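Everything on this sheet refers to the single structure shown next.
Not measured: the values here are computed from a predicted model.
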There are 2 protein chains.
Amino acid sequence: MGKNYLAFFNKFYKTKRRLPSYREFMALAGLKSTNAVHKIVAKLEEEGFLRRDDGGRLAPGSRFLGVPVLGNIAAGFPTPAEEELCDTMTLDEYLIGHKEATYMLKVSGDSMIEAGIMPGDLVLVERGRQPRDGDVVVAEVDHAWTLKYYKKTGEHITLVPANRKYRPIVPTDELNIAAVVVGAVRKYKV
Amino acid sequence: MGKNYLAFFNKFYKTKRRLPSYREFMALAGLKSTNAVHKIVAKLEEEGFLRRDDGGRLAPGSRFLGVPVLGNIAAGFPTPAEEELCDTMTLDEYLIGHKEATYMLKVSGDSMIEAGIMPGDLVLVERGRQPRDGDVVVAEVDHAWTLKYYKKTGEHITLVPANRKYRPIVPTDELNIAAVVVGAVRKYKV
DNA sequence: TAGTATAGTGAACAAGTGTTCACCTTGTCA
DNA sequence: TGACAAGGTGAACACTTGTTCACTATACTA
């Protein structure tokens, strides 16, 4: 078993956001021949960590970025450290559809707490999308911005909070919907 | 205003996971001189979309990956399409600390629903971390895996669900804690 | 003990790299 | 009309790229 050369690639990628060239990696890993790198890369490519396109330039493989998805929680953890059956994915690819129209907002207030959106969470919202019945939207009500369910029955529109403490809102004159929520993210400070 | 050359970079990066060379971009954008690319890149670098390190090799800038964070939801949306004050960030960088020990699990069951973790959500869990009082953990109880709060008072450990329908669990013989939840992610099908 | 993978060295190669120069359009604005 | 800037061409430059060859040292196995 050789050294953990993948760690060098990871570290380089983390700061530079690209993969090193063979010479750069030589210096990183303390090697003295590009051929050594060539062989290391071939192995990492085989394992799915790196990718090479025409011309041999390196790109991150599917296992380089991304986190392994283990499947349903009821299945628990695969007891050994080996699990090839699962795939990996990056959160950005998973959550973001139209990157140009997507923004993040930090949630304050508890108006959607029963929908699992807690204060402090980040919501991913997409602009310019037509809200549909049942969507969570970013709306302006009473000159303040909040999250609400968008309920549409016929032509009748109601903004419904997911919190028994608050009442549904029937917009009076103008209804300002800035964006539709496409995802929610919570980080636990552990 | 020239064409939207950034879109070419985005599309290339999305499929190849690296940035194109000048010649490759020439072909993409239908240009006939590397110098044209040179000037385009200089502009995109100035705007923060691209980065160049020594040797001129390209890397994604801070605005290339990542989503703009607009701040608190109460502030709503900045009315024009201009907001330079906010920063951008990628979800992976935000949520993932120790990438090698991090996995994703799809949540089934409603035992943590009052903590904002709904069935169908994805939780990010980190292995090999010592759980502390109040953490959400992946635990094996009654030969099944679930999410529970990890409550520790003195030497006494209880696994507490965030759902009034279920009762806290006092582990009898052995307590198997596989991982600690460090994040939660929900995707709305819009 | 000899045999054989494994991992790395060192040098050479053609091809591709970003940069820089002078030059050419084209549209804008005074 | 003339000046000017923006955006693109075309060619040359020195340098870096990944690849390949033959060779060496080390460790393990039969």
Could you tell me the separation between the CG atom of A:Leu28 and the OH atom of A:Tyr5, rounded to the nearest 0.5 Å?
-> 11.5 Å

Check whether B:Ile113 and B:Val123 end up in the same hydrophobic cluster, where Ile, Leu, Val, Met, Phe, Trp and Tyr are linked by side-chain heavy atoms less than 4.5 Å apart.
-> no

Heavy-atom donor-acceptor pair, A:Ser33 side-chain to C:dG10 base, under 3.5 Å = yes

Taking atom CD1 of A:Ile96 and atom CD of A:Glu126, what is their separation to the nearest 0.5 Å?
-> 10.0 Å

Looking at DNA chain D, which of residues 36-56 of chain B put a heavy atom within less than 4.0 Å of it?
-> B:Ala36, B:Lys39, B:Lys43

Only counting residues at least two apart or in another chain, list the ones meeting ring-ring contact (aromatic ring centres under 6.0 Å, His included) with B:Tyr13.
-> B:Phe64

Give me the bend of the helix from C:dT1-D:dA30 to C:dA30-D:dT1, using the axes of the five pairs at each end, rounded to 10°.
-> 20°

Separation of B:Leu31 atom CG from D:dA11 atom C1', in whole Å?
-> 17 Å

Distance (rounded to the nearest 0.5 Å) between A:Leu19 CG and A:Phe12 CZ | 8.0 Å

Think A:Arg127 forms a cation-pi with A:Tyr103, using NZ or CZ under 6.0 Å from the six-ring centre and within 45 degrees of its axis?
-> yes

Result for 5'-nearest mapping on DNA chain C, choosing between B:Arg57 and A:Thr34, is A:Thr34

Would one find a side-chain N or O of B:Tyr22 under 4.0 angstrom from OP1 or OP2 of C:dT20?
-> no

Taken to the nearest whole Å, CD/B:Glu24 to P/C:dA15 is 17 Å

Distance (rounded to the nearest 0.5 Å) between A:Leu159 CG and A:Lys148 NZ = 7.5 Å

Might you work through the salt bridge (charged side-chain N to carboxylate O under 4.0 Å, His left out) test for B:Arg63 and B:Glu47, ending with a clear yes or no?
-> CA-CA 8 Å; B:Arg63 289 178 66 191; B:Glu47 299 171 18; 5.6 Å; no

